[in-house]
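Letters A, B, ... mirror the listed sequences (proteins, then strands); counts begin at 1.
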Amino acid sequence: MSSAYTIGHYVRTTLPRIGLEFILPSNPNISVFHSLFKSCSETKDSRWAFIIFRRLLESNVKPSDLTFSLLIKAYVADASSSTVVDSPNAKIEANQIQTHLRKSGFNQYVYLTTAFLDFYGKLGCIYYAQHLFEEMPRRDVVSWNALICGYSRNGYDYDALEVFVQMLREGFSPCQRTLVGLVPSCGRPDIIFQGKAIHGFGIKSGLDLDCRVKNALTSMYAKCADLQAAEVLFEEICEKTEVSWNTMIGAYGQNGLFDEAMLVFKQMQKERMEVNYVTIICLLSANAHLDSTHCYVIKTGFATDASVITSLVCSYAGCGNIESAGLLYNLMPQKNLVSLTAMISGYAEKGNMGLVVECFTQMLQLKMKPDAVAMVSILHGFTDPTFIGSGLGIHAYGLKTGLCADCLVVNGLISMYSKFGDIETVFSLFSEMGEKQLISWNSVISGCVQVGRTSDAMELFCQMRMYGHSPDAITIASLLAGCSEVGFLQFGERLHNYVLRNNLDMEDFLETALVDMYIKCGRLESAERVFKSIKEPCLATWNTMISGYGLSGHEHKALSCYSEMQEQGLKPDRITFLGVLSACIHGGLVWEGKRYFRSMREDFGMIPGLQHNACMVDLLSRAGFLEEAVIFVKNMEVEPDSAVWGALLSSCCIHQELKLGECLAKRLLLLDYNSGGLYVLMSNLYASKGRWDDVARVRKMMKDTGGDGSSGISLIEVSSLEKMNNSMCLSDLSLNTNYWQLSSPH
DNA sequence: CTAGGGTTAG
């Protein structure tokens with residue numbers, strides 16, 4: 001025994017560098033191989049396990065059941081790290097070992113088949129596990145546990161529950177481990193009811209007294225946002241382990257209670273609990289102060305832990321500090337899919353698609369297998385039609401690899417094609433989807449609104465209700481945006497009512513969408529009412545209200561709204577200034593406009609963009625200061641674009657400045673600005689001077705270039721009434737029919 | 001048993 005141990009120890013330290021032949025005696029016996037397998041387990045390195053097994057067969061040594069047990073243990077010990085799980089070899093090797101197991105007849109040992117079953121579950125090969133289980137002539141509680149755990153950890157939550165019921169029916173008595181494997185499957189709002197039943201079962205059987213069962217239950221309730229239940233369970237645990245504490249930190253973090261998470265962490269240290277790497281990961285996901293946590297990681301020596309570094313990369317990338325994320329990522333000796341995906345999503349958020357594509361290439365070079373989440377992160381970056389080529393490429397990659405079968409990926413594709421304006425592809429992707437989740441409906445509805453097909457969005461909304469989905473804040477916000485676009489006030493009001501009656505979470509974007517809808521539909525008072533009801537409007541909502549006042553011709557209200565916003569301690573952004581400046585244009589407030597334009601740079605350090613400059617040109621020229629406007633354009637730091645020249649030109653129309661107008665029109669044509677608007681303006685300009693020949697000439701030019709202006713569309717609300725009523729009677733929006741009759745058409 | 005990457009809105 002002692003010599004075997006020595007060999008094992010020797011192997012552990014030197015195996016990777018010297019060949020196996022060097023260590024093996026000429027006539028090795030079985031115990032030598034056993035101790036080699038043991039050392040693989042100890043070092044959590046299964047890379048040599050298969051080679052050793054081959055040598056064993058070559059040496060004509062007959063394996064025993066213990067051989068297989070130790071061999072599979074070597075794999076399972078390594079399976080906790082992701083390397084063996086990601087390795088395609090592990091699956092093939094396990095298959096081969098299993099064949100030998102059958103040949104030698106040792107598969108009659110329940111414990112050996114169960115060990116394989118468990119390993120297949122850990123590798124994610126759940127169908128192999130299932131198959132093995134079905135083939136087993138005899139099973140024990142451990143076999144059932146392994147199958148339940150396999151289903152559970154691979155996301156087959158219903159199957160896990162079903163197997164549990166079957167297990168009870170066949171008269172097996174669950175143990176603590178059964179529940180520990182099963183309970184994580186119930187951490188979903190749709191099956192928390194079953195989770196509570198299991199909890200009850202645990203109480204009745206006394207199995208819930210086990211700390212690990214209680215940990216799992218705590219986490220289950222936290223995942224369903226039932227923090228009270230989680231707290232009660234946590235308190236109930238007599239001997240809390242570090243896992244219990246981590247679970248509670250995670251519970252608060254997942255539900256946005258960051259201060260509470262921090263308190264639990266402090267309490268944990270007070271109780272002299274040992275902080276482990278999962279604690280750090282939980283803290284990071286609970287929005288702990290990034291710099292301090294990073295320091296803490298370095299001081300406590302967790303900086304060598306790959307999972308911790310991965311989490312740090314994710315946190316830095318998530319808060320927009322992609323530089324720090326990149327520095328850390330580059331220092332990682334062993335890159336992994338999660339950290340690289342975090343990098344991709346950071347670059348995508350910043351719109352740096354060059355680097356996104358580079359990361360994707362790196363992913364393939366490093367032989368990582370992109371999964372659905374990685375795909376979605378990449379797709380997310382393709383924000384406009386300039387990326388159609390790369391977007392199609394990624395779509396093709398998804399088709400080839402089978403990743404497009406994942407509805408996550410299809411959702412990503414739907415929103416990408418919406419941004420490309422390719423609504424036909426959106427529809428075909430959507431119709432080919434099997435089970436359509438709420439998020440898929442939302443994606444396609446928002447896609448319709450984005451490309452200006454509001455009536456299709458409404459129709460889809462009806463269908464969505466027919467399929468039994470309840471709209472959420474995002475559905476409503478998308479539809480409200482559609483209402484704003486076509487001025488569909490009554491539908492917008494119904495949506496508002498739906499929000500109020502169903503206590504939908506009044507998130508920032510929903511409030512903003514409501515205010516915007518009322519403004520665009522010409523209901524300033526309603527917009528004001530909604531705005532005043534908001535406790536703490538966010539910057540976007542303030543911006544909407546400011547520009548709304550401007551749009552409605554209340555420039556002074558817009559400006560006082562702007563001051564009020566600053567009194568609330570909010571800092572304006574570029575969009576705020578667009579609202580403020582356009583309000584000045586509407587009111588002809590030249591002096592004020594100039595002041596705000598200056599303030600943008602002097603008080604807030606923002607460099608005015610093209611749009612801000614166009615506003616100034618518009619402001620000056622409309623008010624008749626054409627000469628000053630021209631000087632302003634000449635002094636601009638950025639190259640003027642069509643909007644700037646267009647603003648000048650339209651003022652020439654108002655002030656009948658023919659010569660300047662002609663000069664500007666030429667410039668615009670040189671900019672390749674070939675829009676009907678330009679010809680219409682010029683035609684009007686000539687008409688104002690009575691130069692009818694020129695009018696005819698411009699009109700002909702317009703026809704020749706095919707730019708006959710965009711035809712106007714008039715929308716009357718009543719025309720959509722029927723469609724809307726259809727939608728309403730399917731939803732509980734229509735339950736209140738009185739409202740519908742009482743509200744007079746506006 | 002606890003844990004890290006993602007989607008719809010803006």
Side-chain angles (χ1 to χ4, degrees), chain A residues 82 149 152-153 176-177 179-184 187 210-220 222-223 237 241-251 253-254 276-286 305-315 317-318 325 336-346 348-349 370-380 406-416 418 437-447 449-450 471-481 507-513 516 538-541 543-544 575:
Chain A
S82 57
C149 190
S152 178
R153 71 161 69 217
Q176 288 92 331
R177 276 193 173 275
L179 297 195
V180 169
L182 177 64
V183 167
D210 184 274
C211 172
R212 284 165 308 171
V213 173
K214 277 218 160 67
N215 292 339
L217 285 167
T218 309
S219 164
M220 174 188 84
K223 290 220 165 68
I237 307 173
T241 60
E242 55 273 36
V243 175
S244 319
W245 288 94
N246 292 347
T247 306
M248 210 53 215
I249 295 173
Q254 285 152 21
N276 66 15
Y277 73 102
V278 180
T279 317
I280 312 271
I281 295 171
C282 291
L283 275 178
L284 285 169
S285 66
D305 186 289
S307 307
V308 170
I309 299 300
T310 301
S311 283
L312 277 170
V313 171
C314 296
S315 301
N336 60 47
L337 187 62
V338 174
S339 53
L340 191 48
T341 305
M343 290 303 298
I344 287 183
S345 113
E349 188 70 27
D371 62 359
V373 176
M375 283 287 281
V376 165
S377 316
I378 299 164
L379 291 173
H380 184 54
D406 196 307
C407 62
L408 244 67
V409 176
V410 183
N411 288 340
L413 285 168
I414 286 178
S415 63
M416 177 185 80
S418 299
Q437 317 157 306
L438 177 62
I439 191 167
S440 310
W441 286 97
N442 283 351
S443 302
V444 74
I445 286 174
S446 138
V449 171
Q450 276 174 48
D472 66 356
I474 292 173
T475 326
I476 304 290
S478 304
L479 288 165
L480 281 170
E507 289 175 72
D508 288 342
F509 65 86
L510 183 52
E511 293 164 343
T512 312
D516 189 55
C538 68
L539 185 60
T541 318
N543 287 350
T544 307
I575 297 169

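When the side-chain nitrogen and oxygen atoms of A:Gln254 are compared with OP1 and OP2 of B:dA3, one or more of them lie within a distance under 4.0 Å. OP1 or OP2 of B:dT7 has at least one side-chain nitrogen or oxygen of A:His380 nearer than 4.0 Å. Taking 4.0 angstrom as the limit, A:Gln437 places none of its side-chain polar atoms (N or O) nearer than this to OP1 or OP2 of B:dT7. At the phosphate of B:dC1, neither OP1 nor OP2 sits under 4.0 Å from any side-chain N or O atom of A:Lys223. At B:dT7, none of the side-chain N or O atoms of A:Ser415 fall inside 4.0 Å of OP1 or OP2 (strictly under the cut-off).
One can place CG of A:Asn246 at 11 Å from P of B:dT2, the figure rounded to the nearest angstrom. Separating the CD1 atom of A:Ile281 from the P atom of B:dG4 is a distance of 7 Å, rounded to the nearest angstrom. In this structure, the CG atom of A:Asn276 is 13 Å from the P atom of B:dG4, given to the nearest Å. Summarising the geometry, the separation between CG on A:Leu312 and C1' on B:dA3 is reported as 13 Å, rounded to the nearest angstrom. Between the CG atom of A:Asn336 and the C1' atom of B:dG4 there is a distance of 8 Å, given to the nearest Å. Residue A:Arg177 contributes atom CZ, which lies 8 Å from atom P of B:dC1 at whole-angstrom precision. Atom CD1 in A:Ile309 sits about 16 Å away from atom C1' in B:dG5, given to the nearest Å. At whole-Å resolution of the value, CG in A:Asp472 and P in B:dG10 are 13 Å apart.
The nucleotide whose nearest atom lies closest to any side-chain atom of A:Gln450 is, among B:dG6, B:dG4, B:dA9, B:dA9. Considering only the side chain of A:Leu408, B:dG6 comes nearest among B:dT2, B:dG4, B:dG6. Comparing B:dC1, B:dG5, B:dT7 by their closest approach to the side chain of A:Ala216 singles out B:dC1. Closest approach to the A:Arg212 side chain among B:dC1, B:dT8, B:dG6 is made by B:dC1 (side chain taken as heavy atoms from C-beta onward). Distance from the side chain of A:Asn442 is smallest to B:dT8 among B:dG4, B:dT2, B:dT8. Taking every side-chain heavy atom of A:Leu337 into account, B:dG5 is the closest of B:dC1, B:dG5, B:dT8. Distances were taken from every side-chain heavy atom of A:Asn215 (C-beta onward) to each of B:dC1, B:dG5, B:dA9; the shortest belongs to B:dC1. Of all nucleotides listed (B:dG4, B:dA9, B:dT2), B:dA9 comes nearest to the side chain of A:Ser478. When distances run from any side-chain atom of A:Val278 to the nucleotides B:dA3, B:dC1, B:dG5, the shortest one goes to B:dA3.
With sequence neighbours excluded, the residues satisfying side-chain contact (heavy atoms from CB on, under 4.5 Å) with A:Ile575 are A:Asn543, A:Asp573. With sequence neighbours left out, the side-chain contact (heavy atoms from CB on, under 4.5 Å) criterion links A:Glu349 to A:His380.
Side chains of A:Asn411 and A:Gln437 form a contact here, defined as non-hydrogen atoms less than 4.5 Å apart.
No donor-acceptor contact under 3.5 angstrom links the side chains of A:Thr544 and A:Asp516, judged on distance only. With 3.5 Å as the limit, one finds no donor-acceptor pair spanning the side chains of A:Thr247 and A:Thr218. At a cut-off of 3.5 Å, with distance as the only test, a side-chain donor of A:Asn336 or A:Thr310 sits close to an acceptor on the other residue.
Applying side chain to side chain contact (heavy atoms under 4.5 Å, CB included) to A:Leu312 and the options A:Ile281, A:Ile280, A:Leu284 leaves one that passes, A:Leu284.
As judged by a 4.0 angstrom heavy-atom cut-off over every strand, A:Thr341 is placed among the base-contacting residues. A:Ser345 comes within 4.0 angstrom of the backbone, heavy atoms only, and of no base. Within 4.0 Å (heavy atoms only), A:Ala372 reaches no atom of the nucleic acid at all.
Interface remark: the A:Ser377 side chain does not form any donor-acceptor pair with the B:dG6 base, using a distance-only criterion of under 3.5 Å. Remark: the A:Asp371 side chain and the B:dG5 base include a donor-acceptor N/O pair separated by less than 3.5 Å.
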